[in-house]
Every structure is written in structure tokens, then in C-alpha cells.
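Residue numbering restarts at 1 for every chain, and letters A, B, ... go by the order of the sequence lines.
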There are 2 protein chains.
Amino acid sequence: MAVSKKEVGECPIDATLSVIDGRWKGTILWRLADGPMRTAELRRSIPDITERMLIRHLHDLVDAGIIDRHDAGTVPPCVHYSISEYGKTLAPVLGALCEWGRTHMEIQKRKPQPRARAAAPTRPASPPSSAGTTRSPRRKSSPA
Amino acid sequence: MAVSKKEVGECPIDATLSVIDGRWKGTILWRLADGPMRTAELRRSIPDITERMLIRHLHDLVDAGIIDRHDAGTVPPCVHYSISEYGKTLAPVLGALCEWGRTHMEIQKRKPQPRARAAAPTRPASPPSSAGTTRSPRRKSSPA
DNA sequence: CGGTATCCTGAAGGATACTG
DNA sequence: CAGTATCCTTCAGGATACCG
């Protein structure tokens, strides 16, 4: 984590970043923004994530109060995660983050040229409603 | 960096995060929001940062086009850094980040570490909306 | 299915010395 | 003063195996 919580002192920006910072937190929040999802569903929608990382970040967010964990408590475990009421206060933040990302994604990925602006066609970057519509949920097993 | 640029695929949130993520980027942007500052000035305003980290993140931001570097080119080096025009498009993002941070700072800080804190001096968190207007932070630098 | 417990690696971050 | 070059430490993240 780039901005550890314990070191966050004065800067409010870092304070917020420390909460949503993490390799997958942004993505998780992004997917969850569409509505509650269960663990496997989430995992399948994020091909490159591992069980450990999913649970880890999920737990972090739950711990921060950003998302809620709904456990059915049945024999075949069925857990749903959703943005909590508190987490919804992050909406403006995530919205701004998402908006800027949509607009400047290509620019940032191509070449940091402070010359391009207003060149991004309005593209729906909303999290897909159906998590199952993603491609093969086969985790890539890269050999050493 | 939690979210490396190379790995950012679809999530716009991560795309934005990859740009402002870094131990000190948030703080640097926050300070710079008040207006241009020179290197030493910046470093003095951020006690815990090292030369290397300052320059490193500064360069990252310059490279991303977020901030501009103004080199006087004099014998005793005099370099100023400031939010670039392009970087100003981040204002809504930084504003939201800052706003949420100011509001939920204490809450977030007591989650992981239930440490009693009586004194919480509210920092003059200047909104990055006006980069170059406000210029009166409690800095202790003495511009020679 | 959902979640843990280990072990390992890499890269971000930090300390220091040096240069123009 | 601004910036660079090394070296070192830390720890977030990833791979696997296993449990309830």
C-alpha cells in the first residue's frame, strides 16, 4: 500500500487514498458499485485476482466500513458483498476517479503528453451489470 | 505503487489511481494546490520526505503531465513546480478526495488503531479548485 | 463455496553519498 | 539548490495447499 494508514498525518488526500488504495480495491469498488455480488461472482469478474487478494481487500474494505458483508450462513457458504451506507459517501470520490479515468485513460497509457484534451469519446465505463458475462474465469497460471 | 500503469486494464478508477498513487503524490499535489513551490520549499513543507522520494514523485507527476517544472537555469538552481493545465483537470478528483478525507479522517484513523486523540487541529485543506489563488499556508520556509 | 495459513518475490520506498 | 547513483529494507501482492 502506497499510503499506509498509520503514517497518514495531515493530508486529507492521503487519508482517503489510504482507504481505497490497493491493487484491487478500485476494481472491487467499481464492480460493487453496480450492486451486491457474491464472492465467487466477484472473483470470476476479475480474472487476474487471486482468492487471497480478493478476500484480503474485501476484508479491508469491510473493516473500513466501506462495504458490508452478508453471510447467509448456510451449509454451502453464500456470501454477498455490497457498498455500505457509509461507503456510499465515497460515491463522489469514486465518481470523480472514474470520470477522470474514463477521459484520460488512453492519454495516460499512451504517452504522458500534456497536449491532448477533449479527445475522449464518451464511453460507458460503468461496471458490467452481469458478472457472468465476462470471459473465461480461468485464472492465469504463469509458470516460473 | 499499488496500481501499476501497465496492469491497468479496464477499470477507470484504477487508471486514475495509478496516476496519483504513491506514498507522497497526494501530499505533493495537495501542497502544490496552493500554488507553485520550489523544490527545497516543498521538501521543507513535508518533513518526512527524502530528497530522493520528492524528486522521484515530482518527476513521475511531471512525466504524467500533471505538474509543470519551471527551471530558471541559473547557477544556483532555482526550480519551481506547479500544477499544469492538464493537471488541473484532476481538480474534481483531488477535491473529492480531499473533501472526503477531511470529513472522515478521524473515523478512518480509529478503525485500525483505536487510539484516543483529543486534539485534532483541522488543517486548512485548500481545495485544488483554485491552483494559484490561495497562497498562505502555515509554511515555515524563508524564500531568500 | 468461502476463507485461512504459509511461503516467496518484487517493487516501492527509504538512507546516504556524491555531483553539477 | 536541484538532482542522481547505490544499496538496503519493508511489505503488499501473488502462488498454493488446506480447512469448515
What's the [atom1]-[atom2] distance between [X] and [N], to the nearest Å?
X     : N      : atom1 : atom2 : answer
A:R56 : C:dA5  : CZ    : C1'   : 12 Å
A:K25 : D:dG13 : NZ    : C1'   : 11 Å
A:D71 : C:dG2  : CG    : C1'   : 8 Å
B:D21 : D:dG13 : CG    : C1'   : 13 Å

> Are any of B:Y81's side-chain N or O atoms less than 4.0 Å away from OP1 or OP2 of D:dC1?
Replying inline: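 So the side-chain polar atoms of B:Y81 never come under 4.0 Å of the phosphate oxygens OP1 or OP2 of D:dC1.
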> For B:W24 and C:dA12, is the shortest distance between a side-chain N/O and OP1 or OP2 below 4.0 Å?
Replying inline: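 For C:dA12, neither OP1 nor OP2 has a side-chain N or O of B:W24 closer than 4.0 Å.
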Check every atom of [options] against the side chain of [X] and return the nucleotide holding the closest atom.
X     : options               : answer
B:R52 : C:dG14, D:dA2, D:dG14 : C:dG14
A:T50 : D:dG3, D:dA15, C:dA15 : D:dA15
A:M53 : C:dG2, C:dG13, D:dG14 : D:dG14
B:V79 : D:dG20, D:dA2, C:dG3  : D:dA2

> Between the axis at one end of the helix from C:dC1-D:dG20 to C:dG20-D:dC1 and the axis at the other (five pairs apiece), what's the angle to 10 degrees?
Replying inline: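 Terminal axis comparison yields 50°.
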> Is there a donor on the side chain of B:R23 or the base of C:dG13 sitting less than 3.5 Å from an acceptor on the other?
Replying inline: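 Under the 3.5 Å cut-off, the side chain and the base do not form any donor-acceptor pair.
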>> Would you compute the distance between atom CG of A:L42 and atom CZ of A:R44 and round it to the nearest 0.5 angstrom?
In response: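 Output value for this atom pair is 10.5 Å.
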>> Let me spell it out: for each of B:P76 and A:V75, pick the nucleotide of DNA chain D with the closest heavy atom. Which residue's pick is nearer the 5' end?
In response: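 Looking at the nearest nucleotide for each, B:P76 comes out on the 5' side.
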>> Once you apply a heavy-atom cut-off of 4.0 Å, does A:H59 come out as touching a base, just sugar-phosphate, or nothing?
In response: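 A:H59: no heavy atom of the nucleic acid under 4.0 Å.
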